[in-house]
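Labels below follow one simple rule: chain letters A, B, ... track the order of the sequence lines, proteins then strands, and each chain is numbered from 1. Hydrogens, waters and symmetry mates play no part in the numbers below; they use all other heavy atoms, side chains included.
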There are 2 protein chains.
Amino acid sequence: MARNRELNQKMRDERREQILSNALILFAAKGLSATKITDISAASGISQGLIYHYFQSKEEIFRELISSAFEKMNTACRELEKLPLPPREKIILAIEKLLEGFDVYENTSYYYLLILQATVSEAVPQEVKDIIRNQSDFPYEVMERILIEGQKEGSVRAYDARDLAVVFWTTIKGLGLNKAAHGERFKSPDPRILINIFLKE
Amino acid sequence: MARNRELNQKMRDERREQILSNALILFAAKGLSATKITDISAASGISQGLIYHYFQSKEEIFRELISSAFEKMNTACRELEKLPLPPREKIILAIEKLLEGFDVYENTSYYYLLILQATVSEAVPQEVKDIIRNQSDFPYEVMERILIEGQKEGSVRAYDARDLAVVFWTTIKGLGLNKAAHGERFKSPDPRILINIFLKE
DNA sequence: GTCTATATCCAGATAGAC
DNA sequence: GTCTATCTGGATATAGAC
């Protein structure tokens, strides 16, 4: 009996994941309001009504995706900061991994697009805005700290660290968007171009 | 009689402009599909039905805004390229003017957001997609040509010029988005950070 | 030119059969 | 768990009065 309940729960979770992953691509491409429940159900190969056995509303699906996007990003930042490496190496590693991510994991660029849509759009539920407000500064803070450390170390250029952190993330986000928008045609730029923005030669 | 017709036409055009400028802000913030005709009419202080005396549909408003956004951007690029300046100076000028634009003209960042929404979204009419496909490469091409000239001149770093052009525009677009998303809190970074990406010291 | 009222459509969510 | 049928609300666009 308990076995059965566990198995059911597992199947339920898997189905939820499947719906979420289809919804991610749709939300990223069309935004929250232009994505219909029928789009999501069709992409998942199930009837429209069945969606509501797994989620309470379209907004709930959106909210879960946004939460997990920030969770992934902020976890990665936390781990980067804790690595036992000098700031200079952290910056190089971050840029290389982020650029690599665009090519290797297809979902990555969709997440960038999703977060962007949600950050920018006024047409998202309040709870989602709250998640964004609470979580979106963290990557900037981490990068600013690393850059300041790097300036003490002497490896990072002597511009305002906050400015450098802003340039760091806007460039990464911009590239993620480019990839999402142009798909096949997109080619990551030479990482040395980006590394050179922050590090002295 | 002709006087009257001219005057009427002028008033009509002015009203259209006023509707367009309100719609720009709404579309940029919420996207095409989440922006309701009533949002636009309310922002313009007129009844919902009256919108249809000036435009055939919500999509037509969107299309006009996209057209004029690309027109402005591509005209600016064409003029930049024609300036009687060495490549090095063109790059510095472009970065300074683009960053300045964020602070001086409020509308600029909304246009970036609008173009981004339209480029990325599958939920836009076919005609809009066609405009985007035909117009969106031009700024990249211009910048690539300027960068190549600069490499011949010896002032521009020796990375792949296409990569540099991509980094140029993704960084600018990213900053435009930041400004649009964070409004008040946004502060343009030191232009020298960006100039240094492209030019040798 | 401008408004109010309304026809029409479409999407989110629910109910109930299997 | 899954589907089909349906309720309900809201948004586009039109019609018609002023």
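With sequence neighbours left out, V120(B) forms a side-chain contact (heavy atoms from CB on, under 4.5 Å) with L113(A), Q117(A), A181(A). Partners of K152(A) under the side chain to side chain donor-acceptor pair (under 3.5 Å) rule, at least two apart in sequence or in another chain, are E149(A). Not counting sequence neighbours, the partners of T38(A) by the side-chain contact (heavy atoms from CB on, under 4.5 Å) test are K36(A), S41(A), Q48(A). When the side chain to side chain donor-acceptor pair (under 3.5 Å) test is applied to N134(A), no partner is found at least two apart in sequence or on another chain. For the side chain to side chain donor-acceptor pair (under 3.5 Å) test, no residue two or more places apart in sequence or in another chain qualifies with N107(B).
Checking the phosphate oxygens (OP1, OP2) of dT2(D), a side-chain nitrogen or oxygen of R15(A) falls inside 4.0 Å.
Between the CD1 atom of I51(B) and the C1' atom of dT14(D) there is a distance of 15 Å, given to the nearest Å. Straight-line distance from the CZ atom of R12(A) to the P atom of dT2(D): 10 Å, rounded to whole Å. Rounded to a whole Å, the CG atom of L50(B) is 16 Å from the C1' atom of dA5(C). One atom, CD1 of I61(B), and another, C1' of dA13(D), lie 12 Å apart when rounded to the nearest Å. Between the P atom of dG1(D) and the NZ atom of K10(A) lies a distance of 15 Å, rounded to the nearest Å.
Counting non-hydrogen atoms under 4.0 angstrom, F55(B) reaches nothing in the nucleic acid.
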Would you tabulate the nitrogen or oxygen pairs shorter than 3.5 Å linking the protein to nucleotides 12-18 of chain C?
residue	atom	partner	partner atom	Å
dG12(C)	OP1	I37(A)	N	3.4
dG12(C)	OP1	K58(A)	NZ	3.2
dG12(C)	OP2	I37(A)	N	3.0
dA13(C)	OP2	Y52(A)	OH	2.9
dA13(C)	OP2	K58(A)	N	3.3
dA13(C)	N6	Q48(A)	NE2	3.0

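In this structure, F138(A) has its ring center no closer than 6.0 Å to that of F70(A).
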